[in-house]
Amino acid sequence: MKLTLKIWRQKNASDKGGFATYPVDGISTDMSFLEMLDVLNEELTEKGEDPVHFDHDCREGICGMCSLYINGNPHGPLQTTTCQLHMRSFSDGETITIEPWRAKAFPVVKDLVVNRSAFDRIIQAGGYVSVNTGGVPDANEIPIPKTIADEAFDAATCIGCGACVAACKNASAMLFTSAKISQLALLPQGKVERKTRAEKMIAQMDSEGFGACTNTGACAAECPKGISLTNIARMNREYFSAVVSSDNM
Amino acid sequence: MILDSKIPAGPLEEKWTKHKFNSKLVNPANKRKYDVIVVGTGLAGASAAASLAELGYNVKAFCFQDSPRRAHSIAAQGGINAAKNYQNDGDSIFRLFYDTIKGGDYRSREANVYRLAQVSVNIIDQCVAQGVPFAREYGGLLANRSFGGAQVSRTFYARGQTGQQLLLGAYSALSRQVANGKVKLFPRTEMMDLVMVDGHARGIVTRNLITGAVETHAAHAVLLCTGGYGNVFFLSTNAMGSNVTAAWRAHKKGALFANPCFTQIHPTCIPVSGDHQSKLTLMSESLRNDGRVWVPKTVETAEKLRKKQIKPADIKEDDRDYFLERKYPSFGNLVPRDVASRNAKYVCDEGRGVNETGEAVFLDFRDAIARDSEDTIRARYGNLFDMYQQITGENPYKTPMMIYPAVHYTMGGLWVDYNLMTNIPGLYALGEANFSDHGANRLGASALMQGLADGYFVVPYTIGDYLAQTPPKKVDESHPAFAEAVDKVKGGINQLLNIKGSKTVDHFHKRLGKIMWNECGMARTAEGLKEAKKAIKALKKEFWSDVKVLGENEELNQSLEKANRVADFIELGELMIDDALNRNESCGGHFREEYQTPEGEALRDDENYAYVAAWKFMGEDQEEELVKEPLEFENVKLTQRSYK
Ligand SMILES: Cc1cc2nc3c(=O)[nH]c(=O)nc-3n(C[C@H](O)[C@H](O)[C@H](O)COP(=O)(O)OP(=O)(O)OC[C@H]3O[C@@H](n4cnc5c(N)ncnc54)[C@H](O)[C@@H]3O)c2cc1C
Ligand code: SF4
Ligand code: FES
């Protein structure tokens with residue numbers, strides 16, 4: 001395959017940045033999207049031009065490190081991560097536009113690399129059960145209905161990639177935040193702190209500069225892990241019951 | 001040099017309890033006076049950092065990814081072992097201990113492995129308390145499965161994403177301590193060197209991957225939880241960034257490197273499809289519970305298949321060779337990883353491989369689908385089948401999967417004593433970065449167990465004993481050792497940037513990988529290893545005179561990051577070869593063709609090689625010195641592993 005790549009280049013956080021166009025040739029349909037960029041980078045390096053910087057690590061769709069806004073979609077045309085996207089999803093001669101995630105809370109570091117530390121800070125605000133190592137009950141002491149455990153698992157599969165934020169016109173982080181709040185609210189171990197958790201995590205989310213949710217569902221439509229919108233509804237319930245309940249007044 | 005493994009005296013079952021009692025304690029009020037550096041935030045690092053912070057120590061945690069949650073542990077699929085015996089099927093601490101020692105082909109320490117089996121039960125309790133959503137039965141209790149050929153069901157799992165869920169649990173505990181102000185996080189920061197003061201580990205030198213700033217951090221102890229070195233082979237199932245740099249630089253400062261040649265090659269990976277390939281994808285081992293492994297009986301049929309003149313379905317039952325079932329009637333397709341991998345290599349070497357490259361065997365679900373229905377198979381392995389289809393473009397419900405072995409895990413690593421301390425006082429190694437528990441072959445679902453055992457339940461006790469004997473005075477960063485280490489790191493970076501050669505870093509990495517895979521992979525010979533050693537020496541020279549690293553230090557520079565790592569991989573590769581050459585026996589993942597039983601199985605030499613081979617760095621371009629730690633077996637009898 002022969003392709004034309006229009007890629008966002010930006011030297012560092014303070015650089016203005018802009019698009020550059022690169023032709024690539026000899027791309028096999030079996031390559032992953034990132035392997036296609038590897039080919040480009042090898043060529044650029046050989047020519048003495050700075051390779052395109054992008055984030056990636058596992059290349060198995062689980063670490064959440066890869067990003068890329070491809071032809072107007074986070075992680076490209078399929079509902080998967082960029083590292084799991086293969087070139088057979090594109091056609092010969094196509095022009096592909098590649099940009100970084102665009103969100104105020106995810107500033108560009110260089111080229112296609114952004115800073116997603118805001119997500120870590122949301123978790124630090126309360127995305128945990130407050131237990132220390134040791135001194136916990138036997139794992140089978142509290143039975144959990146399988147359906148509940150499965151639902152908690154589904155929410156827990158969020159990989160923290162940020163595609164939901166990139167997909168949202170308001171750059172809202174509701175889907176990400178609600179996934180963690182849901183997981184812990186569903187499980188008996190997480191119920192103890194559910195009120196303060198919802199309040200603190202939402203407050204942190206707001207302070208990071210993520211936008212409001214207007215229920216368009218763009219986030220869930222692009223989420224590579226299929227995190228469901230019902231998590232947002234559950235988070236709103238958690239938050240509401242937290243602010244009205246007596247022990248918080 | 002004599003290595004003291006500090007294994008406590010007394011009966012096996014009592015060693016750990018007694019040892020904990022005999023260890024010195026740091027007074028609670030004094031804990032806040034001690035600083036601990038934890039490099040790595042995978043299962044081992046995140047669990048250690050969180051637990052130490054909970055105890056009151058001041059922790060600094062480092063990782064090269066943008067978030068601690070992305071450590072390579074996140075990718076583990078299958079599960080985690082624990083001797084809970086919830087299934088009432090005869091499991092026990094002793095059985096897990098015994099299976100691990102035997103599975104490791106009798107090249108690990110009894111005392112460490114027994115402790116691992118003991119604390120395994122606490123790990124599951126801890127994870128459940130954190131909200132890890134393990135798989136459950138309809139009655140609400142935890143589900144288990146049998147894994148990797150174990151004869152009991154002791155593996156806990158969270159669908160095909162166990163590593164993810166365990167790591168997110170440890171990450172949440174870590175995040176809580178960040179919020180408490182007890183852990184300071186340093187993401188996108190790479191450790192470049194270890195700093196030693198008066199023979200003790202007292203700090204590290206790091207490079208900020210965004211700004212390039214080379215900085216120092218001082219502490220009373222340093223924990224390396226930096227994972228395995230499988231990427232020395234270029235292609236492996238490890239994450240792209242997994243590297244040996246932290247461990248290697250510590251090695252060059254005096255920490256011994258143990259059993260470097262013990263690598264695990266996993267039998268069920270998606271085969272290489274071309275030169276562009278950047279990494280290999282593991283298909284969970286659980287697939288071997290229902291898939292049957294086969295190749296055509298004859299080379300002629302295989303050739304037709306490779307030329308796409310026939311399809312797998314055209315090959316009649318009589319013309320198929322289910323080679324694992326044929327050779328190992330009692331274990332069949334479930335033989336341990338090393339045995340399954342080696343046999344796949346044999347049939348492909350004979351010319352019976354089934355894909356275009358000739359390096360693949362079938363994993364066929366036809367019979368399982370006929371027996372249990374497609375829906376049942378989908379319920380069991382749906383996500384894996386989807387992943388396979390996404391990567392290869394083929395539908396495994398209709399046509400057999402193709403698999404081939406790939407490098408997956410490294411049993412070797414920094415030498416540690418019973419306390420997980422290296423031979424450098426104050427320097428610890430945890431998780432895959434150490435060599436401690438898996439001998440010459442690791443059992444499935446035991447790496448996650450070990451990482452969390454080390455971090456949650458071992459190091460929090462053993463580090464106290466060391467710190468209690470260390471004055472709580474702040475470590476002085478103005479000590480000349482810090483400035484010296486910084487100069488050395490900066491010098492190395494400048495050297496790489498100034499070569500301005502003609503070949504990319506990946507070019508060298510790929511060549512290194514080919515040498516290692518061909519001569520130090522699934523089967524090794526003295527002759528091949530000697531050639532490989534020459535080839536690596538030449539490659540090293542070429543690298544340092546012709547590598548092309550663009551850009552500068554003072555920016556995000558991914559080529560420079562890779563160059564630093566590949567430079568270390570080249571040196572490690574040479575040591576792996578020395579180690580493989582030295583070990584004139586076959587054991588576990590280390591298979592020397594000269595040493596095999598008449599049936600072609602690994603032939604150990606317990607008389608001469610029942611030892612840990614720990615290597616000491618003697619200076620640039622010098623041969624390393626071998627230090628032996630003899631292994632003593634008091635509780636298990638050494639036997640020939642047989643899965644017939
Ligand atoms: C695909 C796959 C599936 C697996 N499945 C299973 C399974 O089902 N069951 C099982 O038991 N095991 C499994 N394993 C093995 C297991 O996942 C690993 O052995 C284990 O997770 C390693 O954990 P760790 O904490 O030691 O290191 P890692 O998780 O590799 O973490 C290393 C950490 O060190 C940091 N680091 C490294 N170098 C530096 C440096 N120089 N400076 C700063 N930071 C650095 C990294 O950023 C990272 O945070 C699997 C492995 C793979 C590849
Ligand atoms: S909710 Fe989905 S899109 Fe958002 S961070 Fe999690 S996995 Fe990514
Ligand atoms: S690189 Fe890990 S999810 Fe894409």
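These values consider heavy atoms only, across backbone and side chains, with no hydrogens, waters or symmetry-generated copies.
Annotation: A:K191, atom NZ; neighbour count of heavy atoms from other residues, nucleotides and ligands within 6.0 Å is above 12. Within 6.0 Å of CG in A:D92 there are more than 12 heavy atoms belonging to other residues, nucleotides or ligands. Atom OH of B:Y461 sits in a sparse spot, with 12 or fewer heavy atoms from other residues, nucleotides or ligands closer than 6.0 Å. By the neighbour-count criterion of 12 heavy atoms within 6.0 Å, atom CD of A:E49 is densely surrounded, having more than that number from other residues, nucleotides or ligands.
Side-chain atoms of A:Q84 do not come within 3.5 Å of backbone N or O of B:M387 as any donor-acceptor pair. Without hydrogens or angle criteria, B:H276 side chain to A:S28 main chain gives no donor-acceptor distance under 3.5 Å. For B:Q558 (side chain) and A:H53 (main-chain N/O), no donor-acceptor pair under 3.5 Å exists by modelled atom type. Panel note: side chain B:Q161, backbone A:T157; no donor-acceptor pair is recorded below 3.5 Å. Here the side chain of B:R176 pairs a donor or acceptor atom with the backbone of A:V131 at under 3.5 angstrom. Judged purely by atom type and a 3.5 angstrom limit, B:R70 uses its side chain to pair as donor or acceptor with the backbone of A:G64.
In this structure, CZ in A:F153 is found 13.5 Å from CZ in B:R136, a value given to the nearest 0.5 Å. Expressed to the nearest 0.5 Å, how far CD of B:E555 lies from NZ of A:K110 amounts to 4.0 Å. In this structure, the separation between OG on B:S175 and NZ on A:K180 is 9.0 Å, given to the nearest 0.5 Å. To the nearest 0.5 angstrom, B:N180 atom CG is 8.0 Å from A:S130 atom OG.
With a threshold of 4.5 angstrom between heavy atoms, B:R188 approaches chain A through side-chain atoms but not through N, CA, C or O. Only the backbone of A:V114 comes within less than 4.5 Å of a heavy atom in chain B; its side chain stays farther off. B:S67 touches chain A through backbone and side chain together, each having a heavy atom under 4.5 Å away. Proximity to chain B is absent for every atom of A:I148, based on heavy atoms less than 4.5 angstrom apart. Both the backbone and the side chain of B:L142 have a heavy atom closer than 4.5 Å to some heavy atom of chain A. Only the backbone of B:T392 comes within less than 4.5 Å of a heavy atom of chain A; no side-chain atom from C-beta onward does. Of the two parts of B:K84, only the side chain, counted from C-beta on, holds a non-hydrogen atom closer than 4.5 Å to a non-hydrogen atom of chain A. With a 4.5 Å cut-off on non-hydrogen atoms, B:L185 touches chain A through its side chain but not through its backbone. Heavy atoms of B:Q130 lying under 4.5 Å from chain A belong to its backbone as well as its side chain. Of the two parts of B:L280, only the backbone, made up of N, CA, C and O, holds a non-hydrogen atom closer than 4.5 Å to a non-hydrogen atom of chain A. B:L141 touches chain A through backbone and side chain together, each having a heavy atom under 4.5 Å away. Using a 4.5 Å cut-off between heavy atoms, A:E141 does not touch chain B at all. Contact annotation for B:D66: both backbone and side-chain heavy atoms come within less than 4.5 Å of a heavy atom of chain A. The parts of B:Q126 that come within reach of chain A are both its backbone and its side chain, each placing non-hydrogen atoms under 4.5 angstrom from that chain. With a threshold of 4.5 angstrom between heavy atoms, A:L187 approaches chain B through side-chain atoms but not through N, CA, C or O. Residue B:Q165 touches chain A through its side chain alone, counting heavy-atom pairs closer than 4.5 Å. Contacts of B:Y171 with chain A are made by side-chain atoms alone, with heavy-atom separations under 4.5 Å and no backbone atom involved.
In terms of non-hydrogen atom pairs under 4.5 Å with chain B, the most contact-rich of A:M31, A:E46, A:K11 is A:M31. Ranked by non-hydrogen atom pairs under 4.5 Å with chain B, the options A:V39, A:L85, A:V113 are led by A:V113. Taking chain B as the reference chain and counting heavy-atom pairs below 4.5 Å, the highest number among A:D55, A:L34, A:N12, A:L78 is found for A:D55. The choice from A:D111, A:V136, A:N140, A:I62 that makes the most heavy-atom pairs within less than 4.5 Å of chain B is A:N140. Chain B forms the most heavy-atom pairs under 4.5 Å with one residue out of A:D120, A:L186, A:V129, and that residue is A:D120. Of the residues considered (A:G61, A:C158, A:G190, A:S117), A:C158 shows the highest number of contacts with chain B, using heavy-atom pairs under 4.5 Å.
Using a cutoff of 4.0 Å between basic side-chain nitrogens and carboxylate oxygens, A:D57 and B:K279 are not scored as salt-bridged.
Side-chain contact between B:Y86 and A:D138: present, with at least one pair of heavy atoms (C-beta onward) separated by less than 4.5 Å. Side-chain atoms of A:E60 and B:Q77, non-hydrogen and from C-beta on, do get closer than 4.5 Å to each other. Contact check for A:I159 versus B:Q164: side-chain heavy atoms found under the 4.5 Å cut-off. Looking only at side-chain heavy atoms (C-beta outward), A:D154 and B:R159 come within less than 4.5 Å of each other. The shortest side-chain heavy-atom distance between A:D38 and B:D506 does not fall under the 4.5 Å cut-off. In this structure, A:Q189 and B:V128 have side chains that are in contact, with non-hydrogen atoms separated by less than 4.5 Å.
Between A:T133 and B:S51, the closest heavy-atom pair is OG1-OG, 2.8 Å. Of all heavy-atom pairs spanning B:L550 and A:D50, the tightest one is CD1-N, 4.3 Å. The nearest pair of heavy atoms linking A:P51 to B:S559 is CG-OG, 3.6 Å. Taking all atoms of both residues into account, the shortest heavy-atom contact from B:K548 to A:G48 is NZ-N, 3.9 Å. For the residue pair A:A149 and B:P133, the shortest heavy atom distance occurs at O-CB, 4.1 Å. Contact detail for B:I391 and A:R88: the closest heavy-atom pair is O-NH2, 2.8 Å.
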Report task. Verify side chain to side chain contact (heavy atoms under 4.5 Å, CB included) between B:S278 and A:R59, making sure each step is shown before the conclusion. Result -> CA-CA 9 Å; B:S278 59; A:R59 295 202 176 187; 2.8 Å; yes

